[in-house]
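Reviewing the structure listed below.
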Amino acid sequence: MSYYTEFSLNILEADKKWRDHIENEIEKMNVFTDGNYEDGYFAYEKWYDFDKDMRLLSTRFPGTVFELEGIGEEIDDHWLHYYKGGRVMRNGIEIIRHQFDESKLEGKICVDEGQLYSYE
């Protein structure tokens with residue numbers, strides 16, 4: 001079974017003199033379908049070896065910090081990894097679910113008799 005993930009890669013810390021080399025290496029990875037050095041790279045792929053590939057990329061540019069975010073097909077599959085010098089920091093995202101608090105409810109919608117829903 002195939003599992004797609006939406007990937008976004010950002011370059012956080014890098015010496016600008018390596019820009020062209022980093023861009024060429026990312027292009028060689030043949031994963032990202034859109035993006036650039038400044039705005040980040042994007043893909044919607046079945047990239048099962050992303051960790052291995054990102055460790056290799058970060059080894060080639062040891063002074064650079066790469067941020068790779070993934071959003072999978074499952075509702076709770078959202079993660080953020082940082083790579084530097086062949087090493088990885090996992091779980092850069094923390095999702096906090098707050099309990100319902102009625103005092104935090106905002107505004108009240110004014111409903112007219114016979115009003116329809118937006119797609120009704």
Side-chain angles (χ1 to χ4, degrees):
M1 180 176 198
S2 299
Y3 188 83
Y4 283 89
T5 301
E6 181 180 311
F7 293 96
S8 63
L9 173 65
N10 292 297
I11 301 159
L12 301 183
E13 296 176 16
D15 189 332
K16 296 292 184 190
K17 72 179 181 181
W18 293 107
R19 176 189 169 143
D20 291 341
H21 299 291
I22 292 171
E23 286 179 333
N24 288 337
E25 287 298 312
I26 291 172
E27 189 172 319
K28 276 200 262 184
M29 294 170 83
N30 199 27
V31 173
F32 299 98
T33 55
D34 192 20
N36 58 56
Y37 185 90
E38 285 86 20
D39 300 325
Y41 296 87
F42 307 95
Y44 184 69
E45 288 291 332
K46 297 178 280 184
W47 186 20
Y48 301 121
D49 291 327
F50 71 86
D51 190 61
K52 177 182 162 194
D53 290 345
M54 288 302 302
R55 286 175 185 249
L56 178 60
L57 176 66
S58 69
T59 299
R60 292 184 173 157
F61 304 97
T64 302
V65 175
F66 296 94
E67 176 188 76
L68 184 68
E69 182 175 5
I71 301 173
E73 294 177 352
E74 300 293 325
I75 190 89
D76 60 346
D77 186 9
H78 188 183
W79 48 265
L80 182 67
H81 295 177
Y82 296 97
Y83 293 88
K84 183 176 183 181
R87 301 184 318 166
V88 61
M89 179 188 131
R90 301 180 196 283
N91 302 322
I93 290 180
E94 182 177 340
I95 299 172
I96 299 171
R97 184 181 302 239
H98 298 279
Q99 295 295 319
F100 175 71
D101 182 347
E102 192 165 356
S103 69
K104 293 183 179 180
L105 289 174
E106 299 174 7
K108 182 177 178 184
I109 189 168
C110 297
V111 179
D112 296 328
E113 186 76 27
Q115 186 173 349
L116 301 176
Y117 293 104
S118 60
Y119 285 102
E120 192 174 11

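Model, not experiment: these values are computed from the prediction.
Closest non-hydrogen pair, E74 versus Y3, comes out as N-OH, 3.1 Å. A pairwise comparison of heavy atoms in V88 and R55 identifies CG1-NH2, 2.9 Å as the closest pair. The two atoms that bring R87 and S58 nearest to each other are N-OG, 4.2 Å, heavy atoms only. Nearest heavy atoms, T59 versus G86: OG1-CA, 3.2 Å.
Applying the under-4.5 Å side-chain rule to Ile, Leu, Val, Met, Phe, Trp and Tyr, the cluster around Y44 extends to Y4.
Ring geometry for H81 against W79 counts as tilted: the plane angle lies between 30° and 60°, on a 0 to 90° scale.
Cluster membership check: F32 shares its hydrophobic cluster with I11, using side-chain heavy-atom separations under 4.5 Å among Ile, Leu, Val, Met, Phe, Trp and Tyr. Residues F7 and F66 share a hydrophobic cluster, clusters being chains of Ile/Leu/Val/Met/Phe/Trp/Tyr side chains in contact below 4.5 Å. Linking Ile, Leu, Val, Met, Phe, Trp and Tyr whenever their side-chain heavy atoms come within less than 4.5 Å leaves V65 and Y41 in two separate clusters. Under the 4.5 Å side-chain contact rule for hydrophobic residues, L68 and I71 do not share a cluster. A chain of hydrophobic side-chain contacts below 4.5 Å, direct or via other Ile, Leu, Val, Met, Phe, Trp or Tyr residues, connects I22 to M54.
Put simply, the residue from L57, D51, L12 that forms a side-chain contact (heavy atoms from CB on, under 4.5 Å) with Y83 is D51.
Counting heavy-atom neighbours within 6.0 Å of N30 CG, excluding the residue itself, gives a total of 12 or less. Other residues, nucleotides and ligands place more than 12 heavy atoms under 6.0 Å from the CD atom of E25.
In this structure, the separation between CG on D77 and CD on E6 is 11.5 Å, given to the nearest 0.5 Å.
Residues that satisfy the ring pair (Phe, Tyr, Trp, His ring centres under 6.0 Å) test with H21, not counting sequence neighbours, are W18. Take E23 and apply the salt bridge (Lys or Arg N to Asp or Glu O under 4.0 Å) test, not counting sequence neighbours, and it matches R19. Residues passing the ring pair (Phe, Tyr, Trp, His ring centres under 6.0 Å) test with F42, sequence neighbours excluded: none. The ring pair (Phe, Tyr, Trp, His ring centres under 6.0 Å) test applied to Y37 returns no partner, not counting sequence neighbours.
Applying the ring-ring contact (aromatic ring centres under 6.0 Å, His included) rule to pairs touching residues 90-111 yields nothing, sequence neighbours excluded.
A 4.5 Å side-chain heavy-atom check between F50 and T5 finds every atom pair outside the cut-off. The shortest side-chain heavy-atom distance between E69 and H78 falls under the 4.5 Å cut-off.
Counting only distance, with no hydrogens or angles, the side chain of D39 and the backbone of G35 share no donor-acceptor pair below 3.5 Å.
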Which is it for V31 and L9 under the side-chain contact (heavy atoms from CB on, under 4.5 Å) test, yes or no, and what are the steps along the way? CA-CA 11 Å; V31 173; L9 173 65; over 6 Å; no
Do E45 and T33 pass the side-chain contact (heavy atoms from CB on, under 4.5 Å) test, and can you show the C-alpha distance, the side-chain angles, and the key distance before you say yes or no? CA-CA 9 Å; E45 288 291 332; T33 55; 4.2 Å; yes
